[in-house]
There are 2 protein chains.
Amino acid sequence: MTERTPSEASRDIPEATVARLPVYLRALTGLSEAGTATCSSEDLATAAGVNSAKLRKDLSYLGSYGTRGVGYDVEYLRYQIAREIGVTQDWPVVIVGIGNLGHALANFSGFRSRGFRVVALLDADPRRHQEVVAGVDVRPFSDLEAIVHEHGVAIGVISTPAPAAQDVADHMVAAGIRSILNFAPTVLAVPPGVDVRKVDLSIELQILAYHEQRKALGAAGVAAASEGALEGRPA
Amino acid sequence: MTERTPSEASRDIPEATVARLPVYLRALTGLSEAGTATCSSEDLATAAGVNSAKLRKDLSYLGSYGTRGVGYDVEYLRYQIAREIGVTQDWPVVIVGIGNLGHALANFSGFRSRGFRVVALLDADPRRHQEVVAGVDVRPFSDLEAIVHEHGVAIGVISTPAPAAQDVADHMVAAGIRSILNFAPTVLAVPPGVDVRKVDLSIELQILAYHEQRKALGAAGVAAASEGALEGRPA
DNA sequence: CTCGGTTTGTTCTCGCGTTCACAAACTCCT
DNA sequence: AGGAGTTTGTGAACGCGAGAACAAACCGAG
């Protein structure tokens with residue numbers, strides 16, 4: 001996207017690899033909790049649900065943290081990946097839109113345990129300002145800028161209804177937030193330099209529906225037309 | 001993945017295109033509600049947040065539904081995409097795990113309006129069996145197979161804690177479900193022929209954190225080292 | 001010290017997805 | 001009717017990611 005200066009550390013890591021690093025991190029945490037001190041790329045790959053060649057290639061972008069003939073030290077690799085992702089320190093996060101989904105997000109324990117700290121919950125509806133969710137009180141949306149500056153918030157989560165999302169995003173960007181996780185089913189327009197990641201429940205379901213329909217049509221087609229490829233499907 | 005018989009309709013559509021079709025569908029719905037009868041690929045592309053070349057190529061996999069020199073009929077294209085995805089009919093869906101996230105999913109209106117119908121909410125915890133969420137009463141997890149057969153459920157949603165997810169998935173597969181949307185932060189193992197899509201909140205945040213860290217390091221690196229590439233970033 | 005076994009890190013090849021660029025086709029105006 | 005202006009659909013080039021295969025490096029036994 002933008003040119004990077006390959007200054008010292010942190011060479012260019014492919015986007016596809018970046019998206020898998022958190023998966024490896026979680027798998028390593030699981031191995032660590034199970035008492036494993038060392039693991040091979042094969043072990044870690046199966047725990048992460050990828051094949052070992054891809055895993056080794058991904059890790060090679062970070063550096064040579066393994067030992068040939070032995071494998072990887074679980075704790076050491078875990079720390080290196082966490083450092084590369086940037087979750088060795090805590091990231092302050094604000095959540096805007098405390099409806100059903102906002103409640104769920106605020107109560108989600110996975111944030112806290114994985115390097116994120118919810119410092120504020122915001123909602124435009126005054127009726128929600130009396131609520132306290134997960135130990136944090138809901139404050140007016142107009143407090144956004146003050147909170148961002150006070151806590152140095154760099155990441156914002158949008159869980160509002162779709163019509164409000166663009167406005168919320170604009171205010172977030174104006175307040176200095178440069179990374180947005182958007183749960184509202186809308187395409188957000190943001191200036192360059194701001195990252196947006198979208199999580200869209202109905203889109204995921206529709207993708208499943210497409211494949212489901214294909215399976216149904218494929219079965220019917222195989223039955224109706226000539227013999228096709230069979231899928232082995234255990235009970 | 002598996003061989004398909006290119007029997008009659010529904011040629012092979014690339015996975016990347018399939019993932020974008022729901023976005024186009026939503027953009028078309030927006031245009032339709034705004035009273036637009038016809039749109040160019042440029043219009044639809046900006047509404048969907050992609051460039052027009054990609055949009056046209058994507059649509060070309062479905063067929064030639066546009067008119068050169070004119071554009072696309074919004075309603076017609078909308079129906080064609082909906083038919084291709086398979087959301088012209090309703091898909092019955094079960095949600096397992098009615099915690100915070102399960103509540104939010106059950107109440108999410110976007111499912112209903114986009115071709116999905118929540119036919120059952122299941123939870124292993126007997127204390128939740130008295131609840132009624134979004135007009136549907138929570139039933140024991142052991143009812144899964146009966147419900148799947150009764151309603152012909154093909155899509156299951158898992159919103160349980162991570163340790164329970166694999167067991168739930170196993171029961172879903174055993175009951176005949178072949179498409180799973182997994183919100184639990186775990187890698188699911190399923191037999192071939194079963195599609196799993198994963199939505200992982202903390203992974204998304206970690207990806208944002210990585211880029212955020214890069215931005216911070218990049219700015220510091222540019223300041224410390226020699227002059228690098230500047231990013232134009234409006235206020 | 002040497003040799004066999006094991007596992008990483010890397011190179012190479014292949015296929016998919018994105019983007020560009022342009023011909024084909026349609027409308028509208030004269 | 002004809003030509004200018006638009007817009008679609010697609011062929012071709014290009015870059016990225018996945019997977020296979022192998023050389024380099026490490027451990028341990030004898």
Side-chain angles (χ1 to χ4, degrees), chain A residues 1-4 6 11-24 27-28 31 36-74 76-78 80-81 84 207 210-211, chain B residues 1-4 6 11-24 27-28 31 36-74 76-78 80-81 84 207 210-211:
Chain A
M1 208 162 275
T2 55
E3 288 275 335
R4 304 277 182 193
R11 357 173 174 19
D12 248 21
I13 298 183
E15 193 56 35
T17 297
V18 171
R20 282 187 294 266
L21 289 181
V23 181
Y24 303 154
L28 284 167
L31 289 175
T36 312
T38 296
C39 70
S40 69
S41 65
E42 200 70 45
D43 298 336
L44 185 51
T46 53
V50 301
N51 73 20
S52 62
K54 179 151 46 178
L55 171 74
R56 286 199 302 276
K57 180 164 246 196
D58 284 341
L59 294 185
S60 75
Y61 291 115
L62 312 189
S64 294
Y65 294 136
T67 308
R68 301 179 188 217
V70 178
Y72 300 94
D73 181 283
V74 171
Y76 181 59
L77 183 59
R78 203 175 84 85
Q80 292 299 338
I81 294 181
E84 188 72 40
I207 296 172
Y210 170 81
H211 291 297
Chain B
M1 211 161 272
T2 55
E3 288 276 333
R4 304 275 182 193
R11 351 163 181 31
D12 247 22
I13 298 183
E15 193 55 35
T17 297
V18 171
R20 283 187 294 266
L21 290 181
V23 181
Y24 303 153
L28 284 166
L31 289 174
T36 312
T38 296
C39 70
S40 69
S41 66
E42 200 70 44
D43 297 337
L44 184 53
T46 54
V50 300
N51 71 21
S52 60
K54 180 152 42 177
L55 172 74
R56 286 200 301 276
K57 181 147 248 191
D58 284 341
L59 294 184
S60 76
Y61 291 114
L62 311 189
S64 294
Y65 294 136
T67 308
R68 300 179 188 216
V70 178
Y72 300 94
D73 182 285
V74 172
Y76 181 60
L77 183 58
R78 200 174 86 85
Q80 292 299 339
I81 293 181
E84 189 72 40
I207 296 172
Y210 170 80
H211 291 297

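Every chain is numbered from 1, with letters handed out A, B, ... down the list of sequences.
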Inter-residue atom distance [X].[atom1] - [Y].[atom2], 0.5 Å rounding:
{"X": "A:Tyr24", "Y": "A:Thr17", "atom1": "OH", "atom2": "OG1", "result": "7.0 Å"}
{"X": "A:Leu77", "Y": "A:Asp73", "atom1": "CG", "atom2": "CG", "result": "8.5 Å"}
{"X": "A:Leu21", "Y": "B:Tyr210", "atom1": "CG", "atom2": "OH", "result": "8.0 Å"}
{"X": "A:Arg78", "Y": "A:Leu44", "atom1": "CZ", "atom2": "CG", "result": "12.5 Å"}

Donor-acceptor pair present, B:Arg68 side chain and D:dG9 base, under 3.5 Å =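 By the distance-only test, no, there is no pair.
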
Without decimals, in angstroms, what is the distance between [X] [atom1] and [N] [atom2]?
{"X": "B:Asp73", "N": "D:dT7", "atom1": "CG", "atom2": "P", "value": "16 Å"}
{"X": "B:Tyr61", "N": "D:dG11", "atom1": "OH", "atom2": "P", "value": "11 Å"}
{"X": "B:Arg56", "N": "D:dG11", "atom1": "CZ", "atom2": "P", "value": "14 Å"}
{"X": "B:Leu55", "N": "C:dC20", "atom1": "CG", "atom2": "P", "value": "14 Å"}

task = Show your reasoning for whether side-chain contact (heavy atoms from CB on, under 4.5 Å) applies to B:Val18 and B:Glu84.
result = CA-CA 9 Å; B:Val18 171; B:Glu84 189 72 40; over 6 Å; no

inquiry  = To check you understand the geometry: which heavy-atom pair defines the closest contact between B:Val23 and B:Ala19, and what is its length?
reply    =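 Heavy atoms only, the tightest pair is CG2-O, 4.2 Å.
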
Please tabulate the protein-to-nucleotide N/O contacts below 3.5 Å involving nucleotides 12-17 of chain C, giving atom names and distances.
{"residue": "C:dC12", "atom": "N4", "partner": "A:Lys57", "partner atom": "NZ", "Å": "3.3"}

ask   = Taking only residues two or more places apart in sequence, or in another chain, which ones meet B:Thr46 in a side chain to side chain donor-acceptor pair (under 3.5 Å)?
value =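 None.
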
key: Sequence neighbours excluded, every pair satisfying salt bridge (charged side-chain N to carboxylate O under 4.0 Å, His left out) that has a member inside residues 42-56 of chain B   =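 Every pair satisfying salt bridge (charged side-chain N to carboxylate O under 4.0 Å, His left out) with a residue in residues 42-56 of chain B: there are none.
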
request  = Have a look at the helix from C:dC1-D:dG30 to C:dT30-D:dA1 and give the angle its two end axes make, five pairs each, rounded to 10 degrees.
outcome  =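 The end-segment axes of the helix from C:dC1-D:dG30 to C:dT30-D:dA1 are tilted 0° relative to each other.
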
Enumerate all atom pairs, one protein N or O and one N or O from nucleotides 28-30 of chain D, separated by less than 3.5 Å.
none

inquiry  = Using heavy-atom distances to pick each residue's nearest nucleotide on DNA chain D, tell me which of A:Asp58 and A:Val70 is more 5'.
reply    =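 So the residue in question is A:Asp58.
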
task = Indicate, with a heavy-atom threshold strictly under 4.0 Å, whether B:Tyr65 touches base, sugar-phosphate, or nothing.
result =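 Sugar-phosphate, no base atom in range.
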
ask   = Does A:Tyr72 make a side-chain N or O approach to OP1 or OP2 of D:dC26 shorter than 4.0 Å?
value =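 No, outside the criterion.
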
Residues in contact with DNA chain D, drawn from residues 36-51 of chain B - heavy-atom cutoff 4.0 Å =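 Under 4.0 Å from DNA chain D: B:Ser40, B:Ser41.
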
Provide a list of protein-nucleic acid N or O atom pairs under 3.5 angstrom, restricted to nucleotides 1-5 of chain D.
none

Got a list of side-chain donor-acceptor pairs under 3.5 Å for residues 59-69 of chain B, not counting sequence neighbours?
{"residue": "B:Ser60", "atom": "OG", "partner": "B:Lys57", "partner atom": "O", "Å": "2.6"}
{"residue": "B:Tyr65", "atom": "OH", "partner": "B:Gln80", "partner atom": "OE1", "Å": "3.2"}
{"residue": "B:Tyr65", "atom": "OH", "partner": "B:Arg83", "partner atom": "NH2", "Å": "3.4"}

key: Residues which pass side-chain contact (heavy atoms from CB on, under 4.5 Å) with A:Ala45, listed by chain and number, not counting sequence neighbours   =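 Scan of A:Ala45 (side-chain contact (heavy atoms from CB on, under 4.5 Å), adjacent residues dropped) gives A:Val50, A:Ser52, A:Leu55.
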
